[in-house]
Student: 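Pasting in a structure now, in structure tokens, and then I'll have a few things to ask.
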Amino acid sequence: MKKILALVFMSFLFISCGGAPKLTFMVGGAPNEVEYWKKVIAQFKEKTGIEVTLLEQASKTEQRLQSIQVALRGAQPDPDVMLLDVGWIGQIASAGWLEPLGEYGIDPSPFYGGIISLADTVDGKFIALPVYVDGGLLYYRSDLLTKYGYKKPPATWQELVDIATKVQAGERASGNSNFVGFLWQGDKYEGLICNALEYFVSAGGNFLDPQGKPIVNSVSNVKALQLMADLIHKYKVSPESVYTEMNEEGVREYFQAGNAMFERNWPYAWGKHSADDSPVKGKVGIAPLPGFVAGKGASTLGGWHIAVSKYSDMKKEAAQFVQFVTSFEVQKNLAMELGWNPGRVDVYKDADVIAKNPNLPILREVFINAVPRPSLPYYTIISDILQAEINEAISGKKDTKAALDAAQEKIIKVIEEYGAK
Ligand code: GLC
């Protein structure tokens with residue numbers, strides 16, 4: 001009897017605490033993205049009966065990493081599922097915090113194979129799937145390009161500087177004193193690293209060589225960083241706010257208000273620029289980023305991948321959610337509604353998706369050739385060093401060579417301490 005009473009009491013407790021345990025999904029991003037995730041969760045519930053609680057994060061990648069690390073370091077059962085930036089997925093995976101997905105019957109073959117092997121495979125097992133793939137792009141005002149007599153977007157950085165200088169002067173002279181030539185992400189955060197890698201690689205450099213040895217202060221990298229600083233201080237086509245505050249959304253809003261000729265951003269900006277309430281709707285084009293030599297531009301590989309925590313207490317349901325989010329249907333909706341570039345190859349052939357985003361074929365080329373950031377268990381330490389030195393150089397406070405020498409020296413020490421890959 002006592003036992004029965006205890007059982008009744010326990011089930012009462014269970015019901016009064018809100019019924020069956022809920023799956024938890026940790027995700028952040030721009031406000032409209034978080035809102036869209038709520039719809040995905042509702043569709044999942046309709047289909048499977050499984051309830052999901054959204055654990056909302058900030059939009060900056062560093063803050064998102066921190067909240068995930070806090071939960072995983074503490075071996076917490078929540079979140080069960082989370083989105084991970086491709087930039088730090090290796091760091092999370094190498095701590096052994098992710099559940100291999102193959103064991104739940106999930107098939108990685110519909111996804112970009114190169115990305116799966118580069119970012120999602122650890123010790124031969126795949127531990128995440130790309131929900132969307134990012135690559136740095138050049139957005140330009142197609143109406144202004146024509147107005148100032150240009151036929152094509154710039155293929156080299158020099159052409160970009162020339163066009164930006166002319167259009168900036170012209171638009172300011174016609175009354176828009178806020179108008180700037182070129183906006184990019186230069187604040188001291190991960191976005192700056194993504195931008196810097198694009199200049200470095202387009203000059204023939206990189207952060208590490210293929211063996212993992214730091215080559216930060218190479219001649220090519222110094223030339224690239226000098227150009228980044230010159231855009232602000234010598235050519236004056238990029239405003240000082242680039243190094244004090246510009247992140248993805250800051251850049252996107254400024255350009256969208258009609259106040260810039262060029263913008264470096266990720267593909268999501270396309271959806272926002274072409275929305276009905278956008279002042280630049282129908283006046284924007286997309287091109288690959290320029291190079292020091294035409295055709296030799298580079299784009300950093302970005303994007304967000306879905307994974308299940310090793311400490312989840314609902315792994316089976318979590319895997320079902322991963323399967324749902326990465327299904328053709330949901331990937332298509334994310335591409336249509338948010339302008340995201342799917343991790344699945346088959347969605348790129350869908351007629352509705354192509355009609356909504358005619359740039360998709362260009363974008364596909366950009367992603368396939370995109371350059372990854374180093375995948376290291378201590379990547380964020382390296383990134384922090386580079387962020388500080390590069391930001392100081394583009395602010396004009398430190399000579400470009402001195403900044404890269406300092407970064408090289410510090411990174412050598414970190415690698416000595418933690419060991420190469
Ligand atoms: C985007 C990219 C991500 C990158 C971040 C930097 O979210 O998808 O990979 O780290 O921007 O701000």
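Order of listing sets the numbers, starting from 1, for every ligand and every atom in it.
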Student: Under 6.0 Å between the ring centres of Trp157 and Tyr199?
Tutor: yes

Student: Residues in side chain to side chain contact (heavy atoms under 4.5 Å, CB included) with Thr146, at least two apart?
Tutor: none

Student: Return the CD1 to NZ distance between Ile382 and Lys410, rounded to the nearest 0.5 Å.
Tutor: 12.0 Å

Student: Can you name the closest pair of heavy atoms from Phe328 and Arg344 and give their distance?
Tutor: N-NH1, 3.6 Å

Student: Which residues pass the side-chain hydrogen bond (donor to acceptor under 3.5 Å, both in side chains) test with Asp187, not counting sequence neighbours?
Tutor: none

Student: Could you work out, with side-chain hydrogen bond (donor to acceptor under 3.5 Å, both in side chains) as the rule, every residue matching Asn259, not counting sequence neighbours?
Tutor: Asn176

Student: Tabulate distances under 3.5 Å between N/O atoms of ligand 1 and N/O atoms of the protein, writing both atom names on each line.
Tutor:
residue	atom	partner	partner atom	Å
ligand 1	7 (O)	Trp304	NE1	3.0
ligand 1	8 (O)	Asp134	OD2	2.5
ligand 1	8 (O)	Gly303	N	2.8
ligand 1	8 (O)	Trp304	NE1	3.3
ligand 1	9 (O)	Asp85	OD1	2.6
ligand 1	9 (O)	Gly303	N	3.2
ligand 1	9 (O)	Arg373	NH2	2.8
ligand 1	10 (O)	Asp85	OD1	3.4
ligand 1	10 (O)	Asp85	OD2	2.5
ligand 1	10 (O)	Arg373	NH1	2.8
ligand 1	10 (O)	Arg373	NH2	3.4
ligand 1	11 (O)	Glu248	OE2	3.3
ligand 1	11 (O)	Trp266	NE1	3.1
ligand 1	12 (O)	Glu248	OE2	2.7

